[in-house]
Amino acid sequence: MASVRRLTAIFAADVARYSRLMGADEEGTHERLKAHRGELVDPKVKERRGRIVKNTGDGFLAEFASVVDAVRCAVEVQRGLAEREREVPDEQRIRFRIGINLGDVIAEEHDIFGDGVNVAARLEALAEPGGICISRMVRDQIRDKLPYSFEDMGEQSVKNIARPVQVYALRPAGSPAASASSTTSGSPPVAAPRLSVVVLPFTNLSDDGEQQYFADGITEDVTTDLSRLANMFVISRNTAFTYRNKLIETKQIGRELGVRYVLEGSVRRSGSQVRVSAQLIDAATDAHLWAERFDHATGDLFVLQNEITSRIANALGVELIAAEAAQPTEHPDALDYILRGRAEGLKSPSRDSYVERISMFEDALALDPQSVEGQSRLAHSLVGRALDLSTDSATADLARAEGLVAEALAASPRSAYAHFVKGQLLRAQGRIEEAIPEYETALALDHNSVGALHGLALCKLFTGAMEETIPLEEQAIRLSPRDPVVGNRYGVIGTVHLLQSRTDEAIVWLEKARSAIPGTPVAHAYLASAYALRGETERATTELAEARRLDGGDLFSSVARLRAFPGAWSGVPKIRALYEATYFAGLRKAGMPEE
């Protein structure tokens with residue numbers, strides 16, 4: 001049928017903790033859920049004159065012409081499911097979470113769309129296992145028609161919805177959620193710290209029970225690596241392991257441990273292959289924020305374990321910062337501004353993004369002038385825009401950054417991040433040999449610092465140790481393949497190939513760099529040189545023009561002007577000669593004048 005608009009009651013449901021249930025008993029869970037759907041859920045929806053719009057893996061989306069029918073169906077499904085699962089051990093029970101909203105939707109034969117659907121999905125995520133959450137519009141429609149009580153959960157900010165949603169938990173007498181809520185009275189829970197997480201024991205799904213040590217190693221190493229992140233509150237390994245093999249709801253874990261996030265995962269080894277899966281869950285809503293799967297040949301299990309845990313820690317560092325920065329805050333404190341500045345730094349670098357993040361870190365230091373992280377983050381941003389040619393005040397930026405990083409290291413001499421920033425500062429000042437031990441110190445304190453790996457790789461290039469450059473960049477890419485500045489790693493690899501006259505390989509990597517960081521003039525300039533050396537003059541001319549446009553100054557106006565800019569070519573004679581024979585030679589062929 002054609003798309004039409006209509007007002008409808010939207011019913012969203014899914015199975016709470018489905019991944020855990022499947023991990024414990026895949027076939028049994030699947031068969032029981034299939035039976036519940038065929039014998040209980042589908043007939044009830046039909047009986048109440050509803051329509052199942054689509055299945056969503058472990059859940060479904062339905063619509064009803066009547067709000068009353070939708071709510072009655074939800075209550076009957078929850079009661080029926082509780083009865084059918086009565087003999088099943090509590091930790092193995094299948095429980096639905098249901099959300100119901102009344103909204104205007106765009107309806108098609110096999111789907112419905114609109115904010116009303118999004119709100120229903122968010123309500124479902126807020127519901128307790130066995131519970132039902134409804135919007136204010138639904139409550140207003142049924143309050144005088146159905147004999148149910150409501151618990152006002154207040155206004156909830158939900159993802160992708162501009163305005164807060166007033167949420168009510170429906171409490172029909174005898175429902176599983178009502179029974180649970182009646183036993184949880186007492187003082188309200190203490191708010192969980194920001195950036196607080198527990199790493200639950202990874203489940204061993206291998207046939208070989210002896211592989212449990214590998215799963216436990218992943219759990220312990222991820223816990224350790226996360227604890228190194230600034231402002232991160234991580235539950236200890238000993239406490240986390242008390243939850244092993246217990247099917248406890250995420251919301252309950254969050255309340256018991258006072259954390260905002262839960263990381264869980266599994267390890268499956270078959271023959272010479274290992275698959276590690278991990279997922280990050282919001283403990284307040286049970287919503288999945290991030291998931292990743294890692295497939296590797298076993299080889300050296302110790303090396304494999306290190307790589308996987310480092311990749312998880314790096315990815316979570318990005319995801320948790322983004323999630324926390326998106327939290328609404330009425331009266332932001334210094335940490336709020338730091339989180340927002342870091343979230344801005346996750347975007348591709350540009351003049352505007354540097355201005356925005358610097359402003360955030362300035363606000364943080366105005367509230368807490370002694371904040372080591374605030375000092376280090378501001379210094380890094382000032383140095384970063386100088387290195388990226390995104391400022392007209394590089395000298396002043398570097399001078400201020402030098403003072404900030406000195407303060408940070410005086411207060412916290414073992415800060416891996418502060419040592420990394422000092423390495424960046426020294427590199428920006430052309431003090432390459434002095435930068436190397438700063439990067440090495442940062443890596444000794446935090447082996448997951450992809451920024452330090454990249455900085456060290458550049459220094460190795462600048463000092464003539466090119467054989468060490470590509471392995472360092474490859475390690476940085478492996479540890480953080482989705483890093484917002486991964487294009488810089490591609491660019492360095494491309495540069496090494498260009499300097500060693502492997503032009504075809506250089507173009508492959510430099511094109512990847514251009515695609516990953518399109519707003520950076522340097523990537524276009526190197527690509528212009530490589531294209532020209534391969535005889536593709538027209539493409540070279542286009543790339544050189546784009547480099548000049550993005551730079552906005554006169555850096556790429558002549559070879560002499562570019563050569564005068566501090567760079568790798570101004571250091572070791574051997575490297576300077578390679579730049580003259582390749583990079584500068586290519587730019588001349590692309591049309592760049594000598595003077």
Side-chain angles (χ1 to χ4, degrees), residues 15-30 57-58 91-92 197-229 232 234-250 253 257 259 261-283 286 288-320 447-448 475 477-482:
V15 177
R17 315 308 297 121
Y18 184 67
S19 58
R20 281 206 190 180
L21 293 170
M22 289 291 281
D25 182 8
E26 190 173 87
E27 291 186 3
T29 300
H30 175 73
D58 60 313
E91 68 275 8
Q92 298 174 22
V197 64
V198 59
V199 182
L200 296 180
F202 275 51
T203 304
N204 174 31
L205 301 180
S206 306
D207 295 333
D208 181 4
E210 293 184 0
Q211 296 307 313
Q212 186 63 53
Y213 77 90
F214 182 69
D216 289 348
I218 294 284
T219 307
E220 293 178 20
D221 285 358
V222 171
T223 301
T224 300
D225 287 352
L226 285 178
S227 67
R228 293 192 178 102
L229 299 178
M232 189 71 70
V234 186
I235 296 297
S236 73
R237 175 251 192 221
N238 290 342
T239 297
F241 269 73
T242 64
Y243 289 87
R244 186 202 291 279
N245 299 326
K246 294 181 181 178
L247 295 178
I248 301 175
E249 302 303 328
T250 301
I253 294 174
L257 298 179
V259 294
Y261 304 100
V262 173
L263 179 73
E264 63 179 22
S266 62
V267 175
R268 185 188 298 274
R269 184 177 181 182
S270 179
S272 62
Q273 291 294 120
V274 168
R275 168 172 292 177
V276 178
S277 298
Q279 51 191 353
L280 180 68
I281 303 166
D282 186 319
D286 208 25
H288 285 60
L289 303 177
W290 168 86
E292 190 69 85
R293 188 176 70 194
F294 308 90
D295 292 304
H296 288 277
T298 51
D300 186 329
L301 283 180
F302 180 75
V303 172
L304 175 62
Q305 179 176 313
N306 278 345
E307 180 175 327
I308 289 174
T309 55
S310 294
R311 283 187 62 183
I312 291 174
N314 273 302
L316 288 186
V318 171
E319 296 298 328
L320 288 170
H447 65 275
N448 294 328
Q475 184 180 355
I477 293 168
R478 281 197 305 272
L479 294 185
S480 189
R482 298 179 185 175

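All residue numbers refer to positions in the sequence shown, counting from 1.
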Handout entry: Which residues share a side-chain hydrogen bond (donor to acceptor under 3.5 Å, both in side chains) with His288, sequence neighbours left out
Key = Gln279
Handout entry: Under the salt bridge (charged side-chain N to carboxylate O under 4.0 Å, His left out) test, residues paired with Asp286 that sit two or more places apart
Key = Arg17, Arg97
Problem - Test side-chain contact (heavy atoms from CB on, under 4.5 Å) applied to Tyr243 and Leu257, step by step - result: CA-CA 11 Å; Tyr243 289 87; Leu257 298 179; 3.6 Å; yes
Exercise for the section: Could you pull out all residues at least two apart from Glu220 that satisfy side-chain hydrogen bond (donor to acceptor under 3.5 Å, both in side chains)? Expected result: Arg237
Handout entry: Any residue meeting side-chain contact (heavy atoms from CB on, under 4.5 Å) with Met22, in chain and number order, not counting sequence neighbours
Key = Tyr18, Glu26, Thr29
Problem - Any residue meeting side-chain contact (heavy atoms from CB on, under 4.5 Å) with Leu229, in chain and number order, not counting sequence neighbours - result: Leu226, Met232
Fill in the blank from the handout: Rounded to the nearest 0.5 angstrom, the CD1-CD1 distance for Ile235 and Ile253 is 11.0 Å
Fill in the blank from the handout: Applying salt bridge (charged side-chain N to carboxylate O under 4.0 Å, His left out) to Glu307 and not counting sequence neighbours gives Arg478
Handout entry: Residue list, salt bridge (charged side-chain N to carboxylate O under 4.0 Å, His left out) with Arg311, at least two apart or on another chain
Key = none
Exercise for the section: Only counting residues at least two apart or in another chain, list the ones meeting salt bridge (charged side-chain N to carboxylate O under 4.0 Å, His left out) with Glu319. Expected result: none
Completion exercise
Across all chains, not counting sequence neighbours, the side-chain contact (heavy atoms from CB on, under 4.5 Å) partners of Ala315 are Trp290
Handout entry: Set of residues satisfying side-chain hydrogen bond (donor to acceptor under 3.5 Å, both in side chains) with respect to Thr239, sequence neighbours excluded
Key = Ser236
Problem - All side-chain contact (heavy atoms from CB on, under 4.5 Å) counterparts of Arg244, not counting sequence neighbours - result: Pro201, Gln212, Asp216, Phe241
Exercise for the section: Determine whether the side chains of Asp221 and Gln305 contain a donor N or O and an acceptor N or O closer than 3.5 Å. Expected result: yes
Problem - With Glu292 via side-chain hydrogen bond (donor to acceptor under 3.5 Å, both in side chains) - residues at least two apart - result: Arg482
